[in-house]
There are 2 protein chains.
Amino acid sequence: MSEIGIKDIAAKANVSTATVSYVLNGTRNVKLNTRERVLRVIQEMNYKPNNAAQSLKRKRTNTIGVIAEDVTVFNVPEIIDGINDCADRMDMHILLTNLRLDKRIGREFDRMDSYRHYADNAVSELLSKQVEGIIYIGVHPRDLTGFIDTFGKPIVYTYSYTHHDLSIQYNDEQASYDAMAYLVQKGHTRIGIISGVMDSTPSRLRFNGFYKAVTEYELPFDPQLIKIGDWEAESGYRLTLELLELEQPPTAIVAMNDVMAVGVIRAASEKGVHIPKDLSVIGFDNREFSNYLIPRITTMELPLHEMGYQAMESLALLIKGEKVEKQPMPSCKLIERESVAAPRIR
Amino acid sequence: MSEIGIKDIAAKANVSTATVSYVLNGTRNVKLNTRERVLRVIQEMNYKPNNAAQSLKRKRTNTIGVIAEDVTVFNVPEIIDGINDCADRMDMHILLTNLRLDKRIGREFDRMDSYRHYADNAVSELLSKQVEGIIYIGVHPRDLTGFIDTFGKPIVYTYSYTHHDLSIQYNDEQASYDAMAYLVQKGHTRIGIISGVMDSTPSRLRFNGFYKAVTEYELPFDPQLIKIGDWEAESGYRLTLELLELEQPPTAIVAMNDVMAVGVIRAASEKGVHIPKDLSVIGFDNREFSNYLIPRITTMELPLHEMGYQAMESLALLIKGEKVEKQPMPSCKLIERESVAAPRIR
DNA sequence: ATAGTCTATCTAAACGTTTAGATATAAATT
DNA sequence: AATTTATATCTAAACGTTTAGATAGACTAT
């Protein structure tokens, strides 16, 4: 702790501590003369108010907790950046807790009790730290809601699908629809889909967008074109091979993430199928590598920064006790690169 | 704030607040009987000590500040993960500040005063928040040292080269040497280098490792094989083209980062040079995409987690006022993949 | 000149803990 | 039984701010 306190300033400036506090916070008028004197002393002595004391008295910490399931997952830093960006403007600070879920309890999540244990702990510590609210970044927030509500602190979720009022998400259905629309506009009608695991909400939503496009554009619907992947590159590879072996292969493939798109490229390159001349590919996520592959992948960028920003905005509103009306979901943005072209005329 | 305080617990459990505090902190003996009673009441009322009050009295916040120049830079989250991992074990919390340097003042850093402004602000706020120390993650920490030392709080730098005692870095020279040694062991003697920008310390250190290997293994030294890049893919592309046009082109290339290695691959693929049969490539960083390219790039992985962990460990020591003896630098690890093979016999 | 208004500053209590020292009770020693 | 020692608990001050209410001085309106 800095050893010098408001008393030292008051003494040296020949005023009461109250006056010092007033110039610091601007809560009452202070004569220009004395204000300047106080400010000078503060400067000279390098005084910084003790935030612990302030928080105690003010009953406000200006701090929120951010719980991330794993900060090293690709989309998390960008979200944090968005949160931070907004927090900065509102003079809020971020107490970060990284659950390290994958590393601690493995990828299986078979032991949800263990997950709850870590999550509860994190929340508990943050609450004790007097955070004014919490933002949760991750895909496994179930059950957390009830727990936190016990303490009457607001919480908002990002990057996760909860039934909780405040779950900030991007418009997944629209994104998928837009990807299809883009391909249709390029002239494609036989479009293959490689999905993520079926029990994930993004997969389902993206299918919705897909079907919506199929019916709206009156595309011929062929169930053979729909392949269930698992988000990993290998599944993209394997399923593309299957797609290419079809009697009438698709002229374009939508992979529900860039990682699987990598598999598509690998399969195509092995089979001598040229991308984009023989086959167009669209990915999702705009992962950095998507710009480094040959060809550079056209992909749907997720509005991560915006999501973080919006989450912080909503949380701030909740903290102030204001109603937060549902905002429009931030939407994805198509990044056009080299992996899409018009289909060959046969 | 949770409305219930230690007084409420004390009242309901028929003891003084002191006793409650003792059972909470274990600072004095409390009869088993009463301890249990107090604990029960605490449970029932869902009481969490007010951390602001605790900090104020204890003069300890158990909080450190982490300043990142940009959390979205690829290596930062992993470092934060390491810090967090260690902090967890020591019951320390992390107050995160993201400078967003690139986004705020552009990539030029021509306005270092502006940088100082943001950095100073961040430090100032953290100090006011009573952090017990600071970890700085970034490459531009100059001048910060003096500023913080003013307040007598310890600071440790990561991922940056300072003359400050406590700058946690990995062994760059060794990494470069190891990369060379690996290629030599595969049979290469004509090895091209594509460096990062010359005025960066990593570039210089990696050159040192390179020269060390050249002399130790008595490789023929040809200045034509040394190309100065700028960390970007395009430079890797352009310089590889130059290298391939040499009368006697190299049989292997070390690119000082994976991004430039992408350029190497692009150039090779355009020229019909097969990797790894005709040309071997090693990158640095083990970026995620390096595993998705064709071929998968063999690369040097940076010990980011370990650096973060070590930074936190050292900081904790400093906070306790203990001397921290210089630890051995964490070293990089070669990730063997598909981009290196023995050179063709001609 | 007197009362009323403003303005600038001060006094002192409060925020919710921790903790040194006081006190009361029980156990051990004589 | 009287004294000492050990154990369990209590009392109250302190941590460094903020802020309601008091006070004093200067200005305004009568």
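Values below: every heavy atom of this structure, side chains too, minus hydrogens, waters and symmetry copies. Chain letters run A, B, ... following the sequence lines, proteins first and then strands; every chain starts at 1.
Nearest to the side chain of K57(A), among dT9(D), dA14(C), dT9(C), sits dA14(C). Residue K31(B) has its side chain nearest to dT9(D) when only dT9(D), dT17(C), dT19(C) are considered. Closest contact between the side chain of L56(B) and the listed nucleotides dG16(D), dG21(D), dA8(C) involves dG16(D). Nearest to the side-chain atoms of T17(A) among the listed nucleotides dT9(C), dC10(D), dA12(C) stands dA12(C). For A18(B), counting side-chain heavy atoms from C-beta on, the closest listed nucleotide (dT19(D), dC10(D), dT17(C)) is dC10(D). With dT9(C), dA8(C), dT19(D) as the choices, the nucleotide that has an atom nearest any side-chain atom of T19(A) turns out to be dT9(C). In this structure, of dA8(C), dT17(C), dC10(D), it is dT17(C) that holds the atom nearest to the side chain of Q54(B). Relative to the side chain of S21(B), the nucleotides dT19(C), dT9(D), dT9(C) differ in distance, and dT19(C) lies closest. Across dC10(D), dT9(C), dT18(C), the shortest atom-to-atom separation from the side chain of N25(B) is found for dT18(C). Taking only side-chain atoms of K59(A), from C-beta outward, the nucleotide of dA12(D), dC15(C), dT18(D) with the closest atom is dC15(C).
Distance CD (E36(B)) to C1' (dT9(D)): 17 Å, rounded to an integer number of Å. For the pair K7(B) NZ and dT17(C) P, the interatomic distance rounds to 9 Å; values are reported in whole Å. Going from atom NZ of K48(B) over to atom P of dT17(C) covers 12 Å, rounded to whole Å. What separates CG of D8(B) from C1' of dT17(C) is a distance of 13 Å, to the nearest Å. In this structure, CD of Q130(A) is placed 10 Å from P of dG16(C), rounded to the nearest angstrom. Computed from coordinates, the I42(A) CD1 to dT17(D) P distance equals 10 Å when rounded to whole Å. Rounded to whole angstrom, the span from the CG atom of N50(A) across to the C1' atom of dC15(C) amounts to 13 Å. Protein atom CZ of R60(A) is 16 Å distant from nucleotide atom C1' of dC15(C), rounded to whole Å.
Here K153(A) does not pair with E132(A) in a salt bridge; the nearest charged N to carboxylate O distance is not below 4.0 Å. Under the 4.0 Å criterion applied to side-chain N and carboxylate O atoms, K12(A) and D8(A) are not assigned as salt-bridge partners. Under 4.0 Å is where a charged nitrogen must lie from a carboxylate oxygen, and between D81(B) and R100(A) at least one such pair does.
Here N14(A) lies in heavy-atom contact (under 4.0 Å) with sugar-phosphate atoms only.
Across the interface with DNA chain D, nearest-nucleotide mapping of R28(B) and A53(B) shows R28(B) to be the residue nearer the 5′ end. Both P49(B) and Y22(B) lie close to DNA chain C; mapped to their nearest nucleotides by heavy-atom distance, the more 5′-ward contact belongs to P49(B).
Close to dA8(D), at under 4.0 Å from its OP1 or OP2, lies a side-chain N or O of N29(B).
A donor-acceptor contact shorter than 3.5 Å links the side chain of N50(A) to the backbone of A52(A). A donor-acceptor contact shorter than 3.5 Å is absent between the side chain of R28(B) and the backbone of Y22(B).
By the 4.5 Å heavy-atom criterion applied to side chains, I155(B) and V123(B) are not counted as neighbours.
For dG16(C), its base never sits under 3.5 Å from the side chain of R58(B) at any donor and acceptor pair.
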